[in-house]
**Q** 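Dropping a structure here in structure tokens format, bear with me for questions.
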Protein chains: 2
Amino acid sequence: MTEYEFLIKHLQDRIDLSDEEANQFVSNFKIKKIKKRQFIVQPDFVAQHRNYVVEGALRAYVVNDEGQEHTIAFAIEDWWISDYNSYIYQQPATMFVMALEDAVLLQIDFETEAKLKGANPKFETFFRITAERTAAFFQRRIITNLTSSAEERYEKFINQFPLIANRVPQYALASYLGMTTEFLSKIKNNKLKK
Amino acid sequence: MTEYEFLIKHLQDRIDLSDEEANQFVSNFKIKKIKKRQFIVQPDFVAQHRNYVVEGALRAYVVNDEGQEHTIAFAIEDWWISDYNSYIYQQPATMFVMALEDAVLLQIDFETEAKLKGANPKFETFFRITAERTAAFFQRRIITNLTSSAEERYEKFINQFPLIANRVPQYALASYLGMTTEFLSKIKNNKLKK
DNA sequence: AAATAAGGTTGAACTAGTTCAAGTTTACTT
DNA sequence: AAGTAAACTTGAACTAGTTCAACCTTATTT
């Protein structure tokens, strides 16, 4: 399976496209190979691309004034990642997006994406569906964060995303879940005195 | 200004539409007047509409097993509100959406919205932009919640949404910000011992 | 194979925010 | 205008989760 075939499948799972249309769509993406610890987005620079993960794992995070890192998103195979706000508004990023493992991405830039949307209403539909699901996903995370304890948030995460939970460093997962790495360690090892 | 003119302005601020197109778009919305404390969405029922607020204030919230209410969203004039997840996937809602004041809404249902998107690619573009901005908004909230203390979250909220802060009950704002109403009261009245 | 860096664990002291309970103020109803 | 319900305040006791510091384990580099 070539890099592009993964994205074609992703597309055809979401909208009804002929092979020709699908090929036209994906031909606007470029293959990008990156090494572990390499950055594809950094604060103060505009996020140039929307990135589809063909292989590997990445992490988006912010660093606050005290130097603490907070994980905003993970992405593994068949996920998208960028600094969302920076990309859609084409404004300076606030996040780092870094490879947790060597990775293969398919990248599209903002201008090319705009042309693509204009070229075929189905492509616009694809981005609309993607954005809607992203919004729904983020809202579910907001709800979980508001309604659950640290332990419950961890439980829900491993149930929903077992493949991610086992693949990312614990400090990154802890900060995604809004707790310290020490506290997550205690949850995992059941060292919370009852 | 009629109810529809508010929505037409909202549209034309986001996409380039002729008057005729704008009128076609808004003619698919129905005016709905509701009284304070009335619900437009309830758990276990599918959210039937996307709601544009012409006048009034509403609140979306979930209730957890212990009976605690957590505010997920507010909406005042020129905002949209629904149970987002329920509406886009047409699945049973988990939220209540209730009027905090008598309100005037413009409602579109899921089927009509789908037809509208098919009728004109510009309409699809409008919903794509709306979804993207919604996702970006939600992500900013996730970041604030992960990176800020209760006091900072309150400060940011009153700076960003002063009109909402002064219009909604404090217990509703507290639960939106992820804290108790008692704690928000202490923040506001500077009763935190330093 | 050794050296170093990165990631994870443990316990003790601490604190930001919660819970509870009682009282006060403000807004609706009759 | 009085009565009731809803919303807000205050303080004291508590707890979920943090901080800090030291140690242990696993990866990566030389």
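Naming convention: chains lettered A, B, ... in sequence-line order (proteins, then strands); numbering from 1 in each chain. A quick note: this is a predicted structure, and the numbers were derived from the prediction, not measured. Keep in mind that the numbers below use all heavy atoms, side chains included, and drop hydrogens, waters and symmetry copies.
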**Q** What is the separation between atom NZ on Lys188(B) and atom P on dT24(C), rounded to the nearest whole Å?
**A** 21 Å
**Q** When you compare the side chain of Val97(B) with that of Tyr61(B), does any pair of heavy atoms fall below 4.5 Å?
**A** no
**Q** Any non-hydrogen side-chain atom of Ser86(B) less than 4.5 Å from a side-chain atom of Met95(B)?
**A** no
**Q** Once you round it to whole Å, what is the distance between P of dG17(C) and CG of Leu184(B)?
**A** 12 Å
**Q** Checking side-chain hydrogen bond (donor to acceptor under 3.5 Å, both in side chains) between Asn85(A) and each of Arg140(B), Glu132(B), Arg133(B), which is the one that passes?
**A** Arg140(B)
**Q** Go through residues 140-149 of chain B and report each residue with a non-hydrogen atom lying under 4.0 Å from DNA chain D, sorted by number.
**A** none
**Q** Among Lys35(B), Arg59(B), Arg37(B), Arg167(B), which residue satisfies the salt bridge (Lys or Arg N to Asp or Glu O under 4.0 Å) criterion with Glu101(B)?
**A** Arg167(B)
**Q** Above 12 or not: heavy atoms from other molecules or residues under 6.0 Å from CZ of Phe39(A)?
**A** yes
**Q** Would you say Asn159(A) has more than 12 foreign heavy atoms packed within less than 6.0 Å of its CG?
**A** yes
**Q** Please determine whether a side-chain nitrogen or oxygen atom of Thr180(B) lies at a distance below 4.0 Å from atom OP1 or OP2 of dG17(C).
**A** no
**Q** State which of dT10(D), dT9(C), dT19(D) makes the closest approach to the side chain of Ser185(A).
**A** dT9(C)
**Q** Could you state the atom-to-atom distance from CD of Glu101(B) to P of dA27(C) in whole Å?
**A** 13 Å
**Q** Could you tell me how far apart Tyr171(B) (OH) and dA6(D) (C1') are, to the nearest whole angstrom?
**A** 8 Å
**Q** Side chains of Tyr176(B) and Phe157(B): does their closest heavy-atom pair fall under 4.5 Å?
**A** yes
**Q** Give me, pair by pair, the N or O atoms of the protein and of nucleotides 20-28 of chain D that are less than 3.5 Å apart, along with how far apart they are.
**A**
residue: dT28(D); atom: OP1; partner: Lys36(A); partner atom: NZ; Å: 2.8

**Q** Does Tyr89(A), at its OH atom, have more than 12 non-hydrogen atoms belonging to other residues, nucleotides or ligands within less than 6.0 Å?
**A** yes
**Q** Looking at dG17(C), dA7(D), dT18(D), which one has an atom nearest to any side-chain atom of Phe183(B)?
**A** dG17(C)
**Q** In whole angstrom, what separates Ile187(A)'s CD1 from dT15(D)'s C1'?
**A** 14 Å
**Q** Using a distance-only test with no angle check, is there a side-chain donor-acceptor pair under 3.5 angstrom linking Ser175(B) and Glu69(B)?
**A** no
**Q** Between dG17(C), dG17(D), dG8(C), which one does the side chain of Pro169(A) approach most closely?
**A** dG8(C)
**Q** Evaluate whether atom NZ of Lys32(A) has more than 12 neighbouring non-hydrogen atoms of other residues, nucleotides or ligands under 6.0 angstrom away.
**A** no
**Q** Between dT15(D) atom C1' and Glu151(A) atom CD, what is the distance in whole Å?
**A** 14 Å
**Q** Taking the side chain as every heavy atom from C-beta outward, state whether Lys156(B) and Ser148(B) have any atom pair closer than 4.5 Å.
**A** yes
**Q** Base, sugar-phosphate, or nothing for Gln68(B), non-hydrogen atoms under 4.0 angstrom?
**A** sugar-phosphate
**Q** Evaluate Lys117(A) against Glu113(A) for salt bridge (Lys or Arg N to Asp or Glu O under 4.0 Å), listing each step before the verdict.
**A** CA-CA 6 Å; Lys117(A) 283 168 191 158; Glu113(A) 181 181 314; 2.8 Å; yes
**Q** Side chain of Thr181(A) only, heavy atoms from C-beta on: which candidate in dT19(C), dT9(C), dT18(C) is closest?
**A** dT9(C)
**Q** Below the 4.0 Å mark, does dA6(C) have OP1 or OP2 next to a side-chain nitrogen or oxygen of Gln170(A)?
**A** no
**Q** Could you check how far CD of Glu66(A) sits from P of dT15(C), rounded to whole Å?
**A** 16 Å
**Q** Angle, rounded to 10°, between the helical axes spanning five pairs at each terminus of the helix from dA1(C)-dT30(D) to dA27(C)-dT4(D)?
**A** 50°
**Q** Send over the distance from Met179(A) CE to dT19(D) C1', rounded to a whole Å.
**A** 16 Å
